[in-house]
2 protein chains.
Amino acid sequence: MRARDGRLDVLLDGGRLPAAALSPGDSLESALARAVDLAVLAHVEQLETRVLEDGSVATAYLGLVSSEADVPGDWRPAAESALPFVGAAQSRLRAKLSYTNLGFALAPATFTISELREVYVAALGHDVSATNLQRVLVRRGVLERVDGRRAPGRTGGRPAALFRFASDRLEVTDEFAALRPPR
Amino acid sequence: MRARDGRLDVLLDGGRLPAAALSPGDSLESALARAVDLAVLAHVEQLETRVLEDGSVATAYLGLVSSEADVPGDWRPAAESALPFVGAAQSRLRAKLSYTNLGFALAPATFTISELREVYVAALGHDVSATNLQRVLVRRGVLERVDGRRAPGRTGGRPAALFRFASDRLEVTDEFAALRPPR
DNA sequence: TCAAAAGTGTTTATAATACACCCATGG
DNA sequence: CCATGGGTGTATTATAAACACTTTTGA
């Protein structure tokens, strides 16, 4: 999946989710590598295993692509997809965006807060305040300033500061307030 | 798994996790039902699918048993188990105890706050304040008072109020503070 | 000098933690 | 009447939301 142009997209292959059969002696990861180009995926995690209508067993993975990676293919709006697993992938993604640093997998390497906001809006499907997004993610140490600023467009405006994610591996950033271990 | 006597236990079957082969035309759930007695499980969820060392593919489930259900069998401390999936099960359980009502699956039908605290301590592996546990869970609407009180033991003490979980199906109770949809 | 876009300051709201203190019981 | 365990009141702290205001730019 990717979050771009205000929308969450799924990459299809012939109208279906990319898939590969698991050969004997094979690992799930190697089968996955046959189905998709792992190099473009900024994050991969296992989603769910289900017996499909035809009796076969499928293990689904959620793979995330940066909004700046120009991956060609049949990208379709996730919201309009009735394919199995897509709904589960969307829910998983939305939840993890809230309590982990998972945004790193959807955002460009460096970005302005406005750009990051667009990614979050696309993935979450609801409005997000740039002000509070910045405050929350910086407070949690998820975002770091990088040098330089993005020049404004033709319509003017103050140049925007650039940020990056402090880590590009999944980390839980919201240690749930309740029931936290004592210090 | 169950949380009892201050410990988190796994039910083993011949030193391994209970398992059943998936026959053709079978659903994962029916295979699961062959491996364990679903009736004693207050909650079941899929955990992870992995290719084992012998090349077979295994889909693991997390099943939770109430601390008052007296399920016979080879219960072993989860902390001491090096079996595959047990670590993942523990992490999943701990995380979900914090942001869902999952406690319902480990606790008795009705209980005092002290009893519930013991269940949480066993499952989380760290101390939990009874005062704050009560406040948080009641505030969130996870716990409800039920009539009656538990009489004190021989050593005295004020009779304890009884509670129950408001729901016995998994619900997310902590809509992560950050990035919540606007009202 | 105005509109646009970014960013900061400050207040308010909400939730959880800490801890002192009060309550009800058995011996 | 005191030890024990349960429960409440309340202050403090942490975190996020809201929003007014300031900054920096292009035209």
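Labels below follow one simple rule: chain letters A, B, ... track the order of the sequence lines, proteins then strands, and each chain is numbered from 1.
For the pair A:Arg50/B:Gln46, no side-chain contact is recorded, criterion being any heavy-atom separation below 4.5 Å from C-beta on. Under the 4.5 Å side-chain criterion, counting only non-hydrogen atoms from C-beta, A:Leu97 is in contact with A:Leu106.
Comparing D:dA17, D:dT25, D:dA16 by their nearest atom to the side chain of A:Arg139 picks out D:dA16. You'll find that the side chain of B:Arg149 is closest to D:dG7, out of C:dT17, C:dA5, D:dG7. If you check D:dT8, D:dG26, D:dG6 against the side chain of B:Thr131, the one that comes closest is D:dT8. Comparing D:dG7, D:dA16, C:dT25 by their nearest atom to the side chain of B:Pro159 picks out C:dT25. Residue B:Ala160 places its side chain closer to D:dG7 than to any other of C:dA6, C:dT17, D:dG7.
Between B:Arg140 and the phosphate of C:dA16, there is a side-chain N or O to OP1/OP2 separation shorter than 4.0 Å. Proximity of B:Gln134 to the phosphate of D:dT8: a side-chain N or O atom is located under 4.0 Å from OP1 or OP2.
A donor N or O paired with an acceptor N or O is found under 3.5 Å between the base of D:dG9 and the side-chain atoms of B:Arg135.
Nucleotide D:dT24 holds its C1' atom 17 Å from the CZ atom of A:Arg150, rounded to whole Å. The NE2-C1' distance, from A:His126 to D:dA17, rounds to 14 Å in whole Å. Counting to the nearest Å, the C1' atom of C:dA4 and the CD1 atom of A:Ile113 are 18 Å from each other. The distance from atom CG of A:Asn132 to atom C1' of C:dT8 is 12 Å, rounded to the nearest whole Å. What separates CG of B:Leu162 from P of D:dG6 is a distance of 12 Å, to the nearest Å. B:Asp127 places its CG atom 13 Å from the P atom of C:dC19, with the value rounded to the nearest Å. What separates CG of A:Leu137 from C1' of D:dA17 is a distance of 14 Å, to the nearest Å. With rounding to whole Å, B:Arg158 atom CZ is found 10 Å from D:dG6 atom P.
Of the residues B:Val138, B:Thr112, B:Val146, the one that meets the side chain to side chain contact (heavy atoms under 4.5 Å, CB included) test with B:Phe163 is B:Val138.
Between A:Phe104 and A:Phe165, the ring-plane angle classifies as perpendicular under the 30° and 60° cut-offs.
Toward the 5' end of DNA chain D, the nearer of the two residues A:Gly153 and A:Ser129, judged by each one's closest nucleotide, is A:Ser129.
With B:Thr100 contributing its side chain and B:Lys96 its backbone, the two residues share a donor-acceptor pair below 3.5 Å.
Within 4.0 Å (heavy atoms only), A:Ala161 reaches sugar-phosphate atoms of the nucleic acid but no base atom.
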